[in-house]
Amino acid sequence: MRAKLITASILATLVWAPLSNQVASSIYCYPGDPPAVYQACVAYNAGISQQVSNQQQLQNIQNQIQDLQAQVNAIYALIKQINAQMDAQNALIAQTKSQIADIDKQIRYKVGDLTRLQADVAVRDQLLDQRMRYVDQHGPINYVELVLTAASFDDLVNRMLATQQIAASDRHLLDQLSVEHSAVTQAQQELGTQRNQVTALLQQQQVVELDLQKNKTAQNNAIAVAGQLEVKLQDQYNQVQAQRAQIDAQVAQLAQQYDAAAVKAGGGSGVFAWPEPACNFSCISQGFGCSSFYLEVYDPYCPYPHKIHTGLDIAGPYGTNVIAADTGIVYLYPGSIGYGNMILMIHGNGYSTVYGHLWYYAPGLRSGMIVPRGTTIAFEGSTGWSTGPHLHFEVRVNDVYKDPCIWLGC
């Protein structure tokens, strides 16, 4: 009977244990036990079932968040690509317009030249027409008549020279008219060619502008989709922030509760060991500082989207041992939304460390245990918001995020 009462006491303790402890397995409840023992057993199993359900819900939320973040990143990458295409199309349109303006200017010059040429040709055509009518009325030059009617030899020579000059002038006029008519024809052909070029360029510009409009429509659609996704992300971000606030409040409470005990155990010296001895500084995949990941902690001093990565990401092989960076008291947070499987350690004197995205905890590790510096507490994984195996390691001083490299020398 005493053993069963002890069992009942243990079960009651398990029922009230924080849900942040590791998920345990259900046990068989014997109906023949005393009612208090049996009811405690049933309540324990119900709590375990709810804990398992919570873990599954958290995992589903994590997967959705990761997918959503990937969609948002893909949408903005598409918008960036569309913007680049639109810039290229605008540049092509500007170039086409410049070419059209240049050809228009050449056409205006050519039209002016052609107008002057046509006017000159018209004058010469008129002169030729007058000359032809004169010849038609008086007939061609009669050289016999010139000789017979000449008053003297000098008069004959002068008449002969004048006649030759008239004939030469007629030939020159005819030759010049032929050249100028050819020039007019060539100028008209060149104008036609240039007008065809302008027409082709205008058609090309219309096609490019149509593509540009399509890209603008695609961009607007992408922006609308991104806006919808950002609303969902904002909801999830609010949830995360609420959980962070809860954890931070608990950290402050635990720090007060365990600070003296942690210092007594040898922690809180401000000297930290590298948390993954098997993987050195070269394994740092992301340092402390501003980040572009939307669901990180808000920091107004960081550029858009004003987020900060609050620790170091150490990307060692999956399952790498993770050790306590200093002596302290551990508190377990399995399945947290952002950190995944997480450990918080209180070291004393305001110092605490966080270990996130863990695969699983070291066997036998429980919340409230004092763990010496260098002890294996967990194994590297990829739980929570993680795209690959790594340890997220934080150092906090009075619950304020600090760059771990200040103490680690990385």
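- Contact detail for Ser292 and Pro305: the closest heavy-atom pair is O-CG, 3.7 Å.
- Remark: side-chain polar atoms of His347 are paired, donor with acceptor, to backbone N or O of Thr327 under 3.5 angstrom.
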Contacts table for residues 274-282: side-chain donor-acceptor under 3.5 angstrom, sequence neighbours left out:
| from | atom 1 | to | atom 2 | distance (Å) |
| --- | --- | --- | --- | --- |
| Trp274 | NE1 | Glu276 | O | 3.0 |
| Trp274 | NE1 | Cys279 | O | 2.5 |
| Asn280 | OD1 | Ser282 | N | 3.0 |
| Asn280 | OD1 | Ser282 | OG | 2.4 |

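- For Ser382 (side chain) and Gly388 (main-chain N/O), a donor-acceptor pair under 3.5 Å exists by modelled atom type.
- Nearest heavy atoms, Ile370 versus Ala265: CG2-CB, 3.7 Å.
- Taken from CG in Leu312 to CD1 in Ile284, the straight-line distance is 5.0 Å, to the nearest 0.5 Å.
- Nearest heavy-atom pair across Phe379 and Gly319 is CD2-O, 3.5 Å.
- From Cys410, atom SG reaches atom CZ of Phe288 across 11.5 Å, with rounding to the nearest 0.5 Å.
- Atom OG1 of Thr320 is separated from atom NE2 of His390 by 12.5 Å, given to the nearest 0.5 angstrom.
- Applying the salt bridge (Lys or Arg N to Asp or Glu O under 4.0 Å) test to every pair with at least one member in residues 312-335, sequence neighbours left out, gives these pairs: Asp326-Arg373.
- For the ring pair (Phe, Tyr, Trp, His ring centres under 6.0 Å) test with Phe393, the passing option among Tyr339, Tyr355, Tyr401 is Tyr355; the others fail.
- Legend: residues meeting side chain to side chain contact (heavy atoms under 4.5 Å, CB included) with Trp407, ordered by chain and number and at least two apart, are Phe272, Tyr351, Val395, Val397, Lys402.
- Sequence neighbours left out, not one pair with a member in residues 345-390 passes disulfide (SG to SG under 2.5 Å).
- Taking the side chain as every heavy atom from C-beta outward, Ile343 and Leu365 approach each other to under 4.5 Å.
- Put simply, the side chain of Ser291 never gets that close to the backbone of Lys307: no donor and acceptor are under 3.5 Å apart.
- Asp299 has its side chain out of reach of Cys290: every pair of non-hydrogen atoms, C-beta onward, lies at least 4.5 Å apart.
- Contact record, Ala324 with Pro372: CB-O, 3.8 Å, taken as the closest heavy-atom pair.
- In this structure, CG in Asn321 is found 11.5 Å from CG in Leu391, a value given to the nearest 0.5 Å.
- The shortest heavy-atom contact between Ile329 and Ala261 is CD1-CB, 3.8 Å.
- Across all non-hydrogen atoms, the minimal contact from Ala378 to Leu358 is CB-CD1, 3.6 Å.
- The list of salt bridge (Lys or Arg N to Asp or Glu O under 4.0 Å) pairs with a residue in residues 375-396, not counting sequence neighbours, reads Asp248-Arg396, Glu394-Arg396, Arg396-Asp399.
- Atom CD1 of residue Ile377 and atom CE of residue Met369 lie 11.0 Å apart, to the nearest 0.5 angstrom.
- Using a 4.5 Å cut-off on side-chain heavy atoms (C-beta onward), Ile346 and Tyr331 make no contact.
- The salt bridge (Lys or Arg N to Asp or Glu O under 4.0 Å) analysis of residues 328-345, with sequence neighbours excluded, yields no pairs.
- To the nearest 0.5 Å, the span separating CG on Asp403 from NE2 on His309 amounts to 11.0 Å.
- Counting only distance, with no hydrogens or angles, the side chain of Thr383 and the backbone of Asn341 share a donor-acceptor pair below 3.5 Å.
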